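Worth saying up front: this structure is predicted, and the values here are computed from it rather than measured.
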Amino acid sequence: MKQNSKKYAALLATAVMIGLASGGIIAYRKLNSPQPPNTQKTQNNTANSSKSPAEKLIKLTDSVSVKPAAGDYTADNHIWRLVNKTHPLKNSKYRPENLQLATVDSRPDKPEEERSVRADIMPDVEQLFASAKAAGHDLQIGSGFRGYELQNTYYSSYVNAYGQAAADKFSSKPGYSEHQTGLVMDIAAADHNCYLETCFGETAAGKWLAKHAHEYGFILRYPKGKERITGYQYEPWHFRYVGRELAAALKQANMTFDQASPILLGEPSAEKSR
Ligand SMILES: [Zn+2]
């Protein structure tokens with residue numbers, strides 16, 4: 001009996017202590033969160049909604065701003081998804097659901113997947129190629145989508161041939177290639193003049209693309225002089241789709257997508273990297 005009553009007293013004391021402690025925690029929480037976190041989330045969502053009339057522009061520079069896009073910019077399938085050497089796809093085996101064999105000219109000797117891009121950007125691809133043709137430039141997709149396995153094959157062969165340091169300047173590990181988004185094309189002249197060579201930038205077709213691609217939503221992703229920011233050598237043939245408004249803004253601001261992405265995402269480091 002004596003032992004039992006001792007046990008009971010101990011239990012009671014423990015219960016009182018737990019009660020006091022949890023009461024204390026609740027009181028502390030009340031003091032420190034004037035709004036439950038859920039309420040704040042809802043307010044943010046409303047502010048970001050494209051239907052909101054007082055939509056806040058995202059300022060890329062003092063003179064260049066863009067409207068926010070809908071959706072999560074960090075999702076693998078978002079047209080504003082940054083993919084570079086430090087930002088791999090979340091799902092390394094990612095494949096867009098809406099890949100489509102290009103309706104414009106593409107290299108017939110390439111596998112079908114590599115002659116494909118996302119169906120939702122095809123109208124802009126068609127208009128880009130039609131405008132180029134009207135200006136006297138016959139273009140061809142040299143390489144569009146590349147899945148994990150295909151990229152792995154290419155990358156491994158480059159590493160074997162040139163060593164990893166050299167390969168990393170012009171190729172990407174699987175899961176780290178922009179081509180895997182389905183939003184990218186390596187564009188060639190149909191006659192393959194300066195094919196995948198930096199001299200493509202000096203050809204009439206290369207110059208036309210550099211000047212006009214943004215009108216159709218594409219950016220020259222790895223410009224000359226920005227190698228340290230992009231991590232890639234100058235590639236006058238590699239074009240990435242980001243949509244017409246952002247492409248025009250980046251062109252106007254002379255800004256790489258690597259620099260713009262943290263600003264679009266509102267990341268605190270954005271100020272420093274400008
Ligand atoms: Zn490329």
Side-chain angles (χ1 to χ4, degrees), residues 77 79 83 89 93-162 167 170-222 232-242 247:
N77 65 354
I79 60 162
V83 177
L89 289 156
K93 300 277 175 81
Y94 170 74
R95 255 185 112 83
E97 287 170 5
N98 57 346
L99 283 175
Q100 185 191 343
L101 180 64
T103 49
V104 298
D105 189 26
S106 59
R107 265 185 66 170
D109 57 322
K110 290 270 185 172
E112 190 167 308
E113 81 163 29
E114 204 176 347
R115 300 166 63 194
S116 304
V117 293
R118 272 170 51 163
D120 53 333
I121 71 166
M122 204 69 80
D124 276 334
V125 172
E126 287 174 355
Q127 288 184 40
L128 171 69
F129 275 54
S131 296
K133 194 172 182 63
H137 312 294
D138 278 319
L139 302 179
Q140 185 182 65
I141 297 179
S143 189
F145 172 74
R146 295 201 293 258
Y148 183 95
E149 276 76 21
L150 185 61
Q151 186 65 30
N152 195 31
T153 308
Y154 283 138
Y155 181 74
S156 305
S157 72
Y158 295 141
V159 170
N160 286 336
Y162 308 108
F170 63 88
S171 186
S172 320
K173 294 184 182 78
Y176 288 74
S177 171
E178 249 194 348
H179 281 274
Q180 205 176 325
T181 63
L183 298 168
V184 167
M185 303 183 288
D186 289 341
I187 304 179
D191 63 6
H192 284 197
N193 183 22
C194 288
Y195 182 65
L196 301 187
E197 289 184 70
T198 51
C199 64
F200 180 67
E202 300 307 314
T203 65
K207 281 182 183 166
W208 186 91
L209 278 169
K211 197 172 170 192
H212 295 284
H214 71 277
E215 295 163 19
Y216 306 92
F218 285 89
I219 55 169
L220 199 167
R221 184 66 179 82
Y222 308 126
Y232 284 89
Q233 63 185 33
Y234 169 51
E235 292 193 358
W237 58 84
H238 179 112
F239 289 85
R240 155 75 195 259
Y241 191 83
V242 292

Visitor: Of all the heavy-atom pairs spanning Ala135 and Trp208, show the shortest one and how long it is.
Guide: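 That closest heavy-atom pairing would be CB-NE1, 3.4 Å.
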Visitor: Measure from the side-chain N and O atoms of Ser156 to the backbone N and O of Thr153, and report whether any donor-acceptor pair falls under 3.5 Å.
Guide: no
Visitor: Would you say the side-chain atoms of Arg115 pair up with the backbone N or O of Gly144, donor to acceptor, closer than 3.5 Å?
Guide: no
Visitor: Go through the steps to decide whether Ile141 and Phe129 satisfy the test side chain to side chain contact (heavy atoms under 4.5 Å, CB included), and finish with yes or no.
Guide: CA-CA 10 Å; Ile141 297 179; Phe129 275 54; 3.8 Å; yes
Visitor: Measure the shortest side-chain to side-chain distance between Arg221 and Glu235 over non-hydrogen atoms and say whether it is less than 4.5 angstrom.
Guide: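 Side chain of Arg221 against side chain of Glu235, heavy atoms only: no contact under 4.5 Å found.
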Visitor: With Lys93, which residues qualify under salt bridge (charged side-chain N to carboxylate O under 4.0 Å, His left out), at least two apart?
Guide: none
Visitor: With rounding to the nearest 0.5 Å, note down the distance linking OG in Ser116 to CE in Met122.
Guide: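 Nearest 0.5 Å value for the OG-CE distance: 7.0 Å.
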Visitor: State whether the side chain of Gln151 and the backbone N or O of Ser172 hold a donor-acceptor pair below 3.5 Å, judged by distance alone.
Guide: yes
Visitor: Passes side chain to side chain contact (heavy atoms under 4.5 Å, CB included), Leu89 versus Thr181? Steps please.
Guide: CA-CA 8 Å; Leu89 289 156; Thr181 63; 4.3 Å; yes
Visitor: Glu113 side chain to Gly147 main-chain N or O, any donor-acceptor pair under 3.5 Å?
Guide: yes
Visitor: If you measure from CZ on Arg95 to CG on Asn77, what distance do you get to the nearest 0.5 Å?
Guide: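 If we round to the nearest 0.5 Å, Arg95:CZ and Asn77:CG are 14.5 Å apart.
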Visitor: Quick check: closest heavy atoms across Tyr148 and Gly175, and the distance to 0.1 Å?
Guide: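 Looks like CD1-N, 4.1 Å.
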Visitor: Give me the atom names and distance for the closest heavy-atom approach of Pro236 to Leu220.
Guide: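 Of all heavy-atom pairs spanning Pro236 and Leu220, the closest is CA-CD2, 4.3 Å.
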Visitor: Under 6.0 Å between the ring centres of Tyr176 and Tyr155?
Guide: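 Tyr176 vs Tyr155: aromatic centres not under 6.0 Å.
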Visitor: Measure the shortest side-chain to side-chain distance between Arg118 and Leu183 over non-hydrogen atoms and say whether it is less than 4.5 angstrom.
Guide: yes
Visitor: Short question: side chain of Thr203, backbone of Phe200 - any donor-acceptor pair under 3.5 Å?
Guide: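 Such a contact is found between Thr203 side chain and Phe200 backbone.
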Visitor: Nearest 0.5 Å, what's the CG-CD1 distance between Leu196 and Ile187?
Guide: 11.5 Å
Visitor: Look at atom CD of Gln127 and say whether more than 12 heavy atoms of other residues, nucleotides or ligands are closer to it than 6.0 Å.
Guide: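 Result for CD/Gln127: enclosed.
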Visitor: Answer yes if the ring centres of Phe218 and Phe239 are under 6.0 angstrom apart, and no otherwise.
Guide: no
Visitor: Can you tell if the side chain of Leu209 reaches within under 4.5 Å of the side chain of Leu128, non-hydrogen atoms only?
Guide: yes
Visitor: Can you check whether Val117 reaches Met185 side chain to side chain, under 4.5 Å on heavy atoms?
Guide: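 The answer is yes; the side chains approach within 4.5 Å.
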Visitor: For Asp138, enumerate each residue passing the salt bridge (charged side-chain N to carboxylate O under 4.0 Å, His left out) test, keeping only those at least two apart in sequence or located in another chain.
Guide: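 Residues passing salt bridge (charged side-chain N to carboxylate O under 4.0 Å, His left out) with Asp138: Lys133.
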Visitor: For the residue pair Glu114 / His179, report whether a side-chain donor-acceptor contact shorter than 3.5 Å exists.
Guide: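 Side-chain D/A pair, His179 to Glu114: absent.
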Visitor: Locate the shortest heavy-atom distance separating Tyr234 from Gly201; write the atom from each residue and the value.
Guide: OH-CA, 3.6 Å
Visitor: If you define the side chain from C-beta out and look only at heavy atoms, does anything of Val104 sit under 4.5 Å from Leu139?
Guide: no
Visitor: Name all residues meeting the salt bridge (charged side-chain N to carboxylate O under 4.0 Å, His left out) criterion together with Asp105; count only those two or more places apart in sequence or in a different chain, and write none if there are none.
Guide: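 Once residues adjacent in sequence are excluded, Asp105 has no partner under the salt bridge (charged side-chain N to carboxylate O under 4.0 Å, His left out) criterion.
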Visitor: If the test is ring pair (Phe, Tyr, Trp, His ring centres under 6.0 Å), which one of Phe170, Trp237, Tyr232 qualifies with Tyr222?
Guide: Tyr232
Visitor: Please determine whether a side-chain nitrogen of the Lys or Arg among Asp186 and Arg146 lies less than 4.0 Å from a carboxylate oxygen of the Asp or Glu.
Guide: yes
Visitor: Taking all non-hydrogen atoms of both residues, which atom of Gln140 and which atom of Pro108 are closest, and how far apart?
Guide: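 Answer, listing the atom of Gln140 first, then Pro108: NE2-CD, 4.1 Å.
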Visitor: Can you name the closest pair of heavy atoms from Gly217 and Ala247 and give their distance?
Guide: C-CB, 3.6 Å
Visitor: Once rounded to the nearest 0.5 Å, what's the spacing between atom CD1 of Ile121 and atom OH of Tyr216?
Guide: 15.0 Å
Visitor: Using the rule given for side chain to side chain contact (heavy atoms under 4.5 Å, CB included), can you reason through His137 versus Lys207, listing the C-alpha separation, both sets of side-chain angles and the distance that settles it, and then say yes or no?
Guide: CA-CA 10 Å; His137 312 294; Lys207 281 182 183 166; over 6 Å; no
